[in-house]
Amino acid sequence: MSEQTIALVTGANKGIGYQIAAGLGALGWSVGIGARDAERREAAVEKLRAEGADAFGVPLDVTDDASVTAAAELIEERAGRLDVLVNNAGVTGGMPQQPTTVNLEVVRTAVETNVIGVIRVTNTMLPLLRRSASPRIVNMSSSVGSLTRQTGPGDETGPLSNAYSPSKTFLNAVTIQYAKELRDTNILINAACPGFTATDLNGFRGYRTPEQGAAIAIHLATLPDDGPTGGFFEDAGVVPW
Ligand SMILES: NC(=O)c1ccc[n+]([C@@H]2O[C@H](COP(=O)([O-])OP(=O)(O)OC[C@H]3O[C@@H](n4cnc5c(N)ncnc54)[C@H](OP(=O)(O)O)[C@@H]3O)[C@@H](O)[C@H]2O)c1
């Protein structure tokens, strides 16, 4: 098996995921570019390779069992193991999301991608991660899912959202559950908040660059063996649940 660290980033064809892949590639890692659209995936892989990264395309729709299984088979064949999984793919689910009028499809879409997708990908990749000497899992969450911040003074968790924000709260809870089950293994799993970052997700209204948004995920992907697990972090430190 290769000495080179092998990572998979979901939703890596653009935005924060692309920059996470670029950052991990700059460390000399081999990085799987998980993306559901063939053209967007290959364009990202080409661009990353042109920048010097050892990137390879991984067809991956996190909402599709067969796609995720095929992605694990591709990584197994290529590398025989996985060292780092970054569950970055995410959607708002659509707008508007006023609690009293929200379309249930909007809620379903957010949960299907942001929560069930993460569980599906994580569980499918776990056998490969267990073969790594230092497995790391990073779940891209958001501080808008922080119940403490939503209910605290000076709430900065954005507009009312009965799909996206709760899906990230759900993802945080799921992250804790994994950390509890995996406590006695060498797998470290944490949730990250990138901050309000200019990407397609918010019509580029964010004030942080994708490079800045990617930094916390790269930090959690490269934790030492005695690093934290079951936590929620942003650049400034711990995010309250
Ligand atoms: N931007 C922010 O301010 C912000 C703040 C907090 C948290 N986040 C989180 O950061 C992560 C990245 O978001 P972003 O801002 O970079 O958004 P983005 O530019 O819209 O990128 C989202 C990525 O997820 C992919 N994706 C969506 N559904 C997918 C599916 N079913 N299967 C595979 N890939 C899928 C998209 O692929 P396509 O190109 O095919 O759609 C795209 O590559 C998300 O989890 C988001 O919730 C973002």
Side-chain angles (χ1 to χ4, degrees), residues 8-23 31-45 47-48 57-71 85-95 97 108-122 124-125 137-146 149-150 156-159 161 163-172 174-175 191-218 220 232-235 239:
L8 171 66
V9 182
T10 70
N13 54 287
K14 67 179 180 181
I16 297 167
Y18 178 89
Q19 288 303 332
I20 295 169
V31 188
I33 306 307
R36 55 186 168 176
D37 179 87
E39 235 172 80
R40 291 197 288 273
R41 182 176 60 248
E42 286 321 307
V45 169
K47 197 166 166 227
L48 286 161
V58 180
L60 179 62
D61 181 337
V62 302
T63 64
D64 184 301
D65 284 341
S67 166
V68 176
T69 300
L85 169 64
V86 182
N87 286 307
N88 165 80
V91 294
T92 62
M95 294 291 168
Q97 300 192 356
R108 266 193 206 103
T109 302
V111 172
E112 187 60 56
T113 303
N114 301 350
V115 184
I116 298 173
V118 172
I119 297 172
R120 176 183 290 110
V121 173
T122 301
T124 308
M125 297 298 163
I137 303 171
V138 182
N139 290 339
M140 192 53 95
S141 181
S142 170
S143 63
V144 303
S146 163
R149 289 206 180 154
Q150 283 175 44
E156 283 181 13
T157 54
S161 151
Y164 181 70
S165 297
S167 77
K168 295 299 189 181
T169 314
F170 193 166
L171 176 60
N172 289 345
V174 161
T175 305
C193 174
F196 191 36
T197 303
T199 67
D200 263 343
L201 192 92
N202 50 39
F204 296 90
R205 279 176 291 116
Y207 48 77
R208 284 165 65 82
T209 64
E211 288 87 343
Q212 290 172 320
I216 186 63
I218 294 168
L220 294 172
F232 185 19
F233 301 94
E234 60 189 358
D235 282 351
V239 184

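Position 1 is the first residue of the sequence; numbering continues from there. Start at 1 and go down the list; that is how both ligands and their atoms are numbered.
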4.5 Å side-chain heavy-atom contact, Thr169 and Gln150: yes

Minimum-distance pair of heavy atoms, taken over all atoms of Phe232 and Ser146: CE2-CB, 4.4 Å

Shortest protein contact, atom 14 (P) of ligand 1 (heavy atom only): Thr199 OG1, 3.5 Å

Any donor-acceptor pair under 3.5 Å from Asn88 side chain to Gly11 backbone: yes

Heavy-atom check, side chain of Leu48 versus side chain of Val31, under 4.5 Å: no

Closest protein heavy atom to atom 13 (O) of ligand 1, given as residue, atom name and distance to 0.1 Å: Ile16 CD1, 4.3 Å

Side-chain donor/acceptor of Thr209 to backbone N/O of Gln212, under 3.5 Å: yes

Under 3.5 Å: donor-acceptor pair, side chain of Asn202, backbone of Thr197: yes

For atom 18 (P) of ligand 1, closest protein heavy-atom neighbour: Lys14 CE, 3.9 Å

4.0 Å heavy-atom contact, Lys168 with ligand 1: yes

Flag, side chain of Arg120 to backbone of Val62, donor-acceptor distance under 3.5 Å: yes

Ligand-side contact atoms (ligand 1) for residue partner Gly90, heavy atom cut-off under 4.0 Å: 22 (C), 24 (O), 27 (C), 44 (C), 45 (O)

Subset of ligand 1 atoms that lie under 4.0 Å from at least one heavy atom of Asn202: 1 (N), 2 (C), 3 (O)

Element-labelled atoms of ligand 1 that are located less than 4.0 Å from some non-hydrogen atom of Val91: 27 (C), 28 (N)

Within-shell test, Ser141 vs ligand 1, heavy atom, strictly < 4.0 Å: yes

Minimum non-hydrogen distance to atom 6 (C) of ligand 1, winning option of Gly117, Ala214, Pro194: Pro194

Per-atom contacts of ligand 1 with Gly15, taking only distances under 4.0 Å to non-hydrogen atoms: 16 (O), 19 (O)

Sub-4.0 Å heavy-atom contact, Tyr164 with ligand 1: yes

Shortest protein heavy-atom distance from atom 3 (O) of ligand 1, along with the residue and atom involved: Thr197 N, 2.8 Å

Distance from atom 11 (C) of ligand 1 to nearest protein heavy atom, with residue and atom: Asn88 O, 3.1 Å

Atom 17 (O) of ligand 1: nearest protein contact (heavy atom, Å): Leu201 CB, 3.5 Å

Ligand 1 atoms in contact with Ser142 (distance to a heavy atom under 4.0 Å): 6 (C), 7 (C)

Check: Ser143 side chain, Cys193 main-chain N or O, donor-acceptor pair, under 3.5 Å: no

Option with minimal heavy-atom separation from atom 24 (O) of ligand 1, where the choices are Ala89, Cys193, Ser67: Ala89

Asp37 touching ligand 1 at heavy-atom level, < 4.0 angstrom: no

Heavy atom of the protein closest to atom 25 (C) of ligand 1 (residue, atom name, distance): Gly11 CA, 3.6 Å

Flag, side chain of Gln97 to backbone of Tyr164, donor-acceptor distance under 3.5 Å: yes

Check: Glu112 side chain, Gly117 main-chain N or O, donor-acceptor pair, under 3.5 Å: no

Donor-acceptor contact below 3.5 Å, side chain Gln19 vs main chain Ile16: no

Numbering as shown, the atoms of ligand 1 that approach Thr63 to under 4.0 Å (heavy-atom distance): 31 (N)

Closest non-hydrogen atom pair between Arg41 and Pro59, with its separation: NH1-CA, 3.3 Å

Ligand 1 N/O within reach of Asp61 N/O, cut-off under 3.5 Å: yes

Residue portion contacting ligand 1 (non-hydrogen atoms closer than 4.0 Å) for Arg208: neither

Proximal ligand 1 atoms for Leu60, defined as those under 4.0 Å from one of its heavy atoms: 32 (N), 33 (C)

With sequence neighbours excluded, residues passing ring-ring contact (aromatic ring centres under 6.0 Å, His included) with Phe170: none

Non-hydrogen atom of Gly195 closer than 4.0 Å to ligand 1: yes

Ligand-residue contact atoms, ligand 1 with Phe196, heavy atoms, under 4.0 Å: 3 (O)

Non-hydrogen atoms of Leu85 and Thr10 that approach each other most closely: CD1-CG2, 4.4 Å

Heavy atom of the protein closest to atom 39 (O) of ligand 1 (residue, atom name, distance): Asn13 ND2, 2.8 Å

Presence of salt bridge, Glu234 and Arg208, under 4.0 angstrom: no

